[in-house]
Participant: 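Provided herewith is a single structure, encoded as structure tokens, for subsequent inquiry.
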Amino acid sequence: MMNKVPLDGIAGKVVLITGASSGIGEATALLLAQHQAIVVLGARRTERLEQLVADITAAGGTAYCRKLDVTDAADMDDFVQYAQHTCGRVDVMVNNAGVMPLSNLAEHKIDEWNRMIDVNIRGVLHGIVSALPIMQHQQSGQFINIASVGAYEVTPTAAVYCATKYAVRAISDGLRMETESHIRVTLVSPGVTESELADSISDEHSRAFMREYRRIALPATAIGEAILYAIQQPAHVDVNELIVRPAKGNS
Ligand code: NDP
């Protein structure tokens with residue numbers, strides 16, 4: 001089954017969002033649904049996703065959700081297949097899920113490094129390989145990979161986090177070069193944004209630093225607007241990279 005969809009714009013496009021249970025993913029889902037996109041939401045906290053689907057539906061939008069652990073390639077495949085079977089297409093894959101347990105390297109938090117590598121890098125790769133064949137078959141599609149200002153500069157305590165985001169930037173560039181022009185690849189790099197991201201920091205020194213650092217945080221809808229902009233461009237326009245950070249400061 002393949003539904004008809006306008007080539008440009010947002011209305012009717014099927015947009016998959018990983019990590020949609022809070023923060024940027026949740027705000028993006030609400031915004032895109034307001035613009036008549038059909039959103040398919042994935043994350044591990046299904047009760048949050050179900051509430052979001054209910055809110056979008058009550059407001060007249062269309063949304064579906066499915067439990068998703070992006071670190072599991074087979075689970076990602078099932079998520080993308082669920083979207084394809086339910087909605088008939090996959091127009092946009094927003095690889096947004098991420099974690100950021102910051103600490104100095106000397107703290108030796110190997111499990112946290114591995115979790116960042118698994119979610120932030122492998123999760124994005126899994127999203128790409130699961131959605132790419134469908135987009136190639138459709139002869140259209142768009143990946144929106146969420147990196148960070150940390151994909152451009154490294155800060156203390158964030159060596160591994162930044163490394164994962166540099167990787168997302170490299171993977172996005174490589175994907176753009178390897179795919180045909182009917183597949184668009186956009187990297188969206190937020191600066192400090194209101195979300196639950198800092199909750200994953202176990203190191204007390206890094207938590208205290210982050211509380212101060214995040215005072216000027218952007219609302220998550222600011223990143224949703226950047227994603228909306230990239231999707232709304234005509235099919236022959238590929239917005240490669242967007243960095244969106246608070247006007248005040250450099251974070
Ligand atoms: P949140 O912590 O609010 O959201 C992160 C999302 O990722 C949650 O929905 C969480 O859902 C999901 N997630 C985490 N692990 C997994 C997993 N294994 N499988 C599926 N989903 C997972 O933070 P943000 O909204 O800020 O983060 C979104 C993206 O933005 C991340 O990639 C982050 O690195 C990036 N970013 C954020 C910035 C900020 O200042 N907020 C700045 C720069 C980049 P669940 O736990 O339910 O699975």
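As the structure lists them, so they are numbered: ligands from 1, and atoms in each ligand from 1.
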Participant: Note the single closest protein heavy atom to atom 15 (N) of ligand 1, along with its residue, its atom name and the distance in Å.
Facilitator: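 Here the nearest protein heavy atom works out to R44 NH2, 3.3 Å.
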Participant: I'd like to know if R45 and E196 make a salt bridge, using a cut-off of under 4.0 Å between side-chain N and carboxylate O.
Facilitator: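 Salt bridge: yes.
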Participant: Has R214 got any heavy atom lying under 4.0 angstrom from an atom of ligand 1?
Facilitator: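 Yes; R214 lies near enough to ligand 1 that a heavy-atom distance drops under 4.0 Å.
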Participant: Tell me which protein heavy atom sits closest to atom 22 (C) of ligand 1, plus the residue, atom name and distance to 0.1 Å.
Facilitator: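 Answer for atom 22 (C) of ligand 1: A97 CB, 3.7 Å.
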Participant: Where is the nearest protein heavy atom to atom 40 (O) of ligand 1: which residue, which atom, and how far?
Facilitator: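 Of the protein heavy atoms, T193 N, 2.8 Å lies nearest.
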Participant: How far is atom 42 (C) of ligand 1 from its nearest protein heavy atom, and which residue and atom name does that atom have?
Facilitator: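 Scanning the protein heavy atoms, the shortest distance from atom 42 (C) of ligand 1 goes to G191 O, 3.3 Å.
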Participant: So which protein heavy atom does atom 27 (O) of ligand 1 come closest to, and at what separation?
Facilitator: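 I find the closest protein heavy atom is L197 CD1, 3.9 Å.
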Participant: Any carboxylate oxygen within less than 4.0 angstrom of a Lys/Arg side-chain nitrogen, looking at E204 and R211?
Facilitator: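 The answer is yes: the pair qualifies as a salt bridge.
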Participant: Kindly identify the option in S22, G25, G23 whose heavy atom sits closest to atom 1 (P) of ligand 1.
Facilitator: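 The option holding the nearest heavy atom is S22.
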Participant: In terms of residue, atom name and distance, what is the protein heavy atom nearest to atom 34 (O) of ligand 1?
Facilitator: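 Atom 34 (O) of ligand 1 sits closest to the protein heavy atom Y161 OH, 2.6 Å.
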Participant: Do the side chains of V192 and P246 get nearer than 4.5 Å, heavy atoms only?
Facilitator: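 A side-chain contact exists here, since the closest heavy-atom pair is under 4.5 Å.
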Participant: Quick one: nearest non-hydrogen protein atom to atom 24 (P) of ligand 1, plus distance?
Facilitator: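 Of the protein heavy atoms, S195 OG, 3.4 Å lies nearest.
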Participant: Any ion pair linking E153 and R245 (charged N to carboxylate O, less than 4.0 Å)?
Facilitator: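 Between E153 and R245 there is a salt bridge, with a charged N closer than 4.0 Å to a carboxylate O.
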Participant: Could you work out, for atom 18 (N) of ligand 1, the closest of L41, T28, D69 by heavy-atom distance?
Facilitator: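 Among L41, T28, D69, the closest heavy atom to atom 18 (N) of ligand 1 comes from D69.
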Participant: Salt-bridged, R176 to D173, with N to O below 4.0 Å?
Facilitator: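 A salt bridge links R176 with D173.
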Participant: Pick whichever of T71, N96, L68 has a heavy atom sitting closest to atom 29 (C) of ligand 1.
Facilitator: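 The residue whose heavy atom sits nearest atom 29 (C) of ligand 1 is N96.
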Participant: Can you check whether V192 has an N/O within less than 3.5 Å of an N/O in ligand 1?
Facilitator: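 No; the residue has no nitrogen or oxygen that sits under 3.5 Å from a nitrogen or oxygen of the ligand.
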Participant: Just to be sure I read this right, does ligand 1 sit under 4.0 Å from the backbone of K165, its side chain, both, or neither, counting only heavy atoms?
Facilitator: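 The answer is the side chain.
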Participant: Just do the side chain to side chain donor-acceptor pair (under 3.5 Å) check on Q51 and D55 with the steps written out, would you?
Facilitator: CA-CA 6 Å; Q51 184 58 55; D55 292 345; 2.9 Å; yes
Participant: I'd like to check whether A43 has a polar contact with ligand 1, where a contact means an N/O of the residue lying under 3.5 Å from an N/O of the ligand.
Facilitator: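 No - when backbone and side-chain N and O of A43 are compared with those of ligand 1, no distance drops under 3.5 Å.
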Participant: Might you work through the side chain to side chain donor-acceptor pair (under 3.5 Å) test for N145 and S172, ending with a clear yes or no?
Facilitator: CA-CA 7 Å; N145 297 332; S172 302; 2.9 Å; yes
Participant: Using heavy-atom distances, let me know which of A20, A217, G19, S21 sits nearest atom 47 (O) of ligand 1.
Facilitator: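 When every heavy atom of A20, A217, G19, S21 is considered, S21 comes closest to atom 47 (O) of ligand 1.
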Participant: Contact between V99 and Y161 at the side-chain level, heavy atoms closer than 4.5 Å - yes or no?
Facilitator: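 Contact flag for V99/Y161 side chains = no.
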Participant: Verify, without hydrogens or angle tests, whether D238 (side chain) and H236 (backbone) share a donor-acceptor contact under 3.5 angstrom.
Facilitator: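 Pair absent, no side-chain N/O of D238 close to backbone of H236.
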Participant: For ligand 1, which is the ligand I care about here, please tell me if E194 has any N or O atom under 3.5 Å from one of the ligand's N or O atoms.
Facilitator: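 E194 vs ligand 1: no N/O contact under 3.5 Å.
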Participant: Enumerate the atoms of ligand 1 whose separation from the nearest heavy atom of I24 is less than 4.0 angstrom.
Facilitator: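 Within the 4.0 Å cut-off of I24, ligand 1 contributes 25 (O), 26 (O), 30 (O), 37 (C).
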Participant: How far is atom 19 (N) of ligand 1 from its nearest protein heavy atom, and which residue and atom name does that atom have?
Facilitator: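 Its nearest protein heavy-atom neighbour is V70 N, 2.9 Å.
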Participant: Are there over 12 heavy-atom neighbours, none belonging to Y229, within less than 6.0 Å of that residue's OH?
Facilitator: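 Incorrect, the count does not exceed 12.
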Participant: Which option, S148, G98, A147, owns the non-hydrogen atom nearest atom 35 (C) of ligand 1?
Facilitator: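 Result: the heavy atom closest to atom 35 (C) of ligand 1 is in A147.
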Participant: Is K67 paired with E47 through a side-chain N to carboxylate O contact shorter than 4.0 Å?
Facilitator: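 K67 and E47: not salt-bridged.
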Participant: What atoms in ligand 1 come closer than 4.0 Å to a heavy atom of I146?
Facilitator: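 Answer, ordered by atom number: 29 (C), 30 (O), 35 (C).
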Participant: Do R66 side-chain atoms and G42 backbone N/O form a donor-acceptor pair below 3.5 Å?
Facilitator: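 No, the answer is negative, given that no donor and acceptor are paired below the 3.5 Å cut-off.
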